[in-house]
There are 2 protein chains.
Amino acid sequence: MARSKGLSDSTCPVARALDVVGDRWSMLIIRDAFDGVRRFGAFQESLLIARNILTDRLKQLVESGVLDCVPASDGSAYWEYVLTPRGKALFPVIVTLRQWGEGNLFERGEKHSVLIDRTNGKPVPALALKNADGKALAMEETFVKKVEGR
Amino acid sequence: MARSKGLSDSTCPVARALDVVGDRWSMLIIRDAFDGVRRFGAFQESLLIARNILTDRLKQLVESGVLDCVPASDGSAYWEYVLTPRGKALFPVIVTLRQWGEGNLFERGEKHSVLIDRTNGKPVPALALKNADGKALAMEETFVKKVEGR
DNA sequence: CCGTATCCATTCCGATACTG
DNA sequence: CAGTATCGGAATGGATACGG
């Protein structure tokens, strides 16, 4: 059941991150969680995912500290799955994925959902890379410094 | 060979994005491409991925317009795989994944690779969500506005 | 060196049936 | 409603072997 490909001890944070949320369902579950989905059945209905797979993914996400199990707020005997601080820290990942999809995978005029800033009702501006002085930073202006070992 | 789960016509840009780069290897291939890896053998050696799977993933990424095939620069009869503009637009996704990994999946003092701004030699600052006025925006201050249909 | 093709094992996933 | 158990098919992955 452990899904680790052995990336979990990689010195590359991207690889470790993908080892936790890099499968086909986890990120969608997390997206729904940001959207306010909390119940097993609600995830299932939203994602049309097989129930055994959902069981497995929820378990993994709880084990990796992304989701937390809390008693259901309606007094039923079941659980609700809510984002931990670690899970909430994934928000920028979801937002950049959204931005990339919006900008690259929709035809002109094709409709899609939009992330709104509820303090002003406007769409949330794109996340862009800045350097230490707050200036725009192009990908070509960066490089990855590897750690000594490996 | 088509991997689409049928999310490719979703109105959610996150779902569409994950339909293209949401499997276990694609994002790692793209990470390597940002790192300057271009050759089949170099991807294979870096990722320790089976060659048939690598063939398949490279083909998918080319088909979806993330990578481009160009004749090898060394005059050999083969190809190099380079990021298209659409592929380069994934940089913020890689960066936020990296940030999340750095902040949440490493023990204190544990070493990891670092993204460096080569114009000043300093680590690239974290990408954070801002509103239209440039002020920090918490995840709770946002919501996803769905499109009418579905 | 770059891929493709094939074989086999493992994993993933969906459907369904079942339990509380 | 919330999960578990099981089964079969599909996808994935590793290890070759093969050809350009």
Side-chain angles (χ1 to χ4, degrees), chain A residues 1-8 10 15 18-30 32-33 36-64 67-82, chain B residues 1-8 10 15 18-30 32-33 36-64 67-82:
Chain A
M1 202 209 77
R3 180 212 3 205
S4 168
K5 266 203 349 289
L7 269 41
S8 49
S10 169
L18 291 173
D19 200 46
V20 175
V21 297
D23 73 276
R24 192 101 87 270
W25 287 116
S26 297
M27 204 63 98
L28 287 169
I29 291 173
I30 292 162
D32 274 8
V37 175
R38 305 160 70 96
R39 296 292 285 247
F40 185 93
F43 285 110
Q44 206 272 324
E45 180 182 13
S46 162
L47 299 173
L48 302 176
I49 182 178
R51 305 157 70 99
N52 50 351
I53 303 295
L54 179 57
T55 298
D56 182 67
R57 288 303 179 280
L58 288 174
K59 201 170 299 185
Q60 286 179 17
L61 289 170
V62 169
E63 279 172 12
S64 52
L67 293 180
D68 198 7
C69 258
V70 302
S73 52
D74 63 356
S76 66
Y78 306 115
W79 302 98
E80 295 186 351
Y81 300 89
V82 299
Chain B
M1 201 208 76
R3 176 203 15 190
S4 168
K5 266 202 349 287
L7 269 42
S8 49
S10 168
L18 291 172
D19 199 46
V20 175
V21 296
D23 72 277
R24 193 100 88 268
W25 287 115
S26 296
M27 205 61 100
L28 288 169
I29 292 173
I30 292 161
D32 274 8
V37 175
R38 305 160 71 96
R39 297 291 286 247
F40 185 93
F43 285 110
Q44 207 271 326
E45 180 182 14
S46 162
L47 299 172
L48 301 177
I49 182 179
R51 302 158 72 95
N52 51 351
I53 303 296
L54 179 57
T55 299
D56 183 67
R57 289 303 179 282
L58 288 173
K59 201 170 298 183
Q60 286 180 18
L61 289 170
V62 168
E63 278 172 11
S64 53
L67 293 181
D68 199 6
C69 260
V70 302
S73 52
D74 63 357
S76 66
Y78 308 113
W79 302 99
E80 294 186 352
Y81 301 89
V82 298

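Residue numbers begin at 1 in each chain, while the letters A, B, ... track the order of the sequences. Treat the numbers as computed from the prediction; the structure is a model and nothing was measured.
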Quiz item: Listed by chain and number, what are the side-chain contact (heavy atoms from CB on, under 4.5 Å) partners of B/Asp68, not counting sequence neighbours?
Solution: B/Val70, B/Val82, B/Thr84
Quiz item: Does a side-chain N or O from B/Arg57 land closer than 4.0 Å to OP1 or OP2 of D/dT12, or not?
Solution: yes
Quiz item: Do the side-chain N or O atoms of B/Thr55 get closer than 4.0 angstrom to the phosphate oxygens (OP1, OP2) of C/dG3?
Solution: no
Self-check item: By side-chain contact (heavy atoms from CB on, under 4.5 Å) - contacts of B/Ala72 (at least two apart)
Solution: B/Arg39, B/Asp74, B/Ser76, B/Glu80
Quiz item: Is the phosphate of C/dC2, meaning OP1 or OP2, less than 4.0 Å from a side-chain N or O of B/Arg39?
Solution: yes
Exercise. Taking only the side-chain nitrogens and oxygens of B/Trp25, find out if one of them lies under 4.0 Å from OP1 or OP2 of D/dG13.
Key: yes
Practice problem: Decide, yes or no, whether a salt bridge links A/Arg57 with A/Asp23 under the criterion of side-chain N to carboxylate O below 4.0 Å. | Solution: yes
For nucleotides 18-20 of chain C, which of its nitrogen or oxygen atoms have a protein nitrogen or oxygen under 3.5 Å away, and what is each distance?
| from | atom 1 | to | atom 2 | distance (Å) |
| --- | --- | --- | --- | --- |
| C/dG20 | N2 | A/Tyr78 | OH | 2.5 |

Quiz item: Would one find a side-chain N or O of B/Ser76 under 4.0 angstrom from OP1 or OP2 of C/dC1?
Solution: no
Quiz item: Heavy atoms under 4.0 Å, any strand shown: does B/Tyr81 hit a base, just sugar-phosphate, or nothing?
Solution: sugar-phosphate
Practice problem: Mark yes or no for a side-chain to base donor-acceptor pair under 3.5 Å between A/Asn52 and C/dG14, with no hydrogen or angle criteria applied. | Solution: yes
Quiz item: How far does the helix from C/dG3-D/dC18 to C/dG20-D/dC1 bend, going by the axes of its first and last five pairs, to the nearest 10°?
Solution: 30°
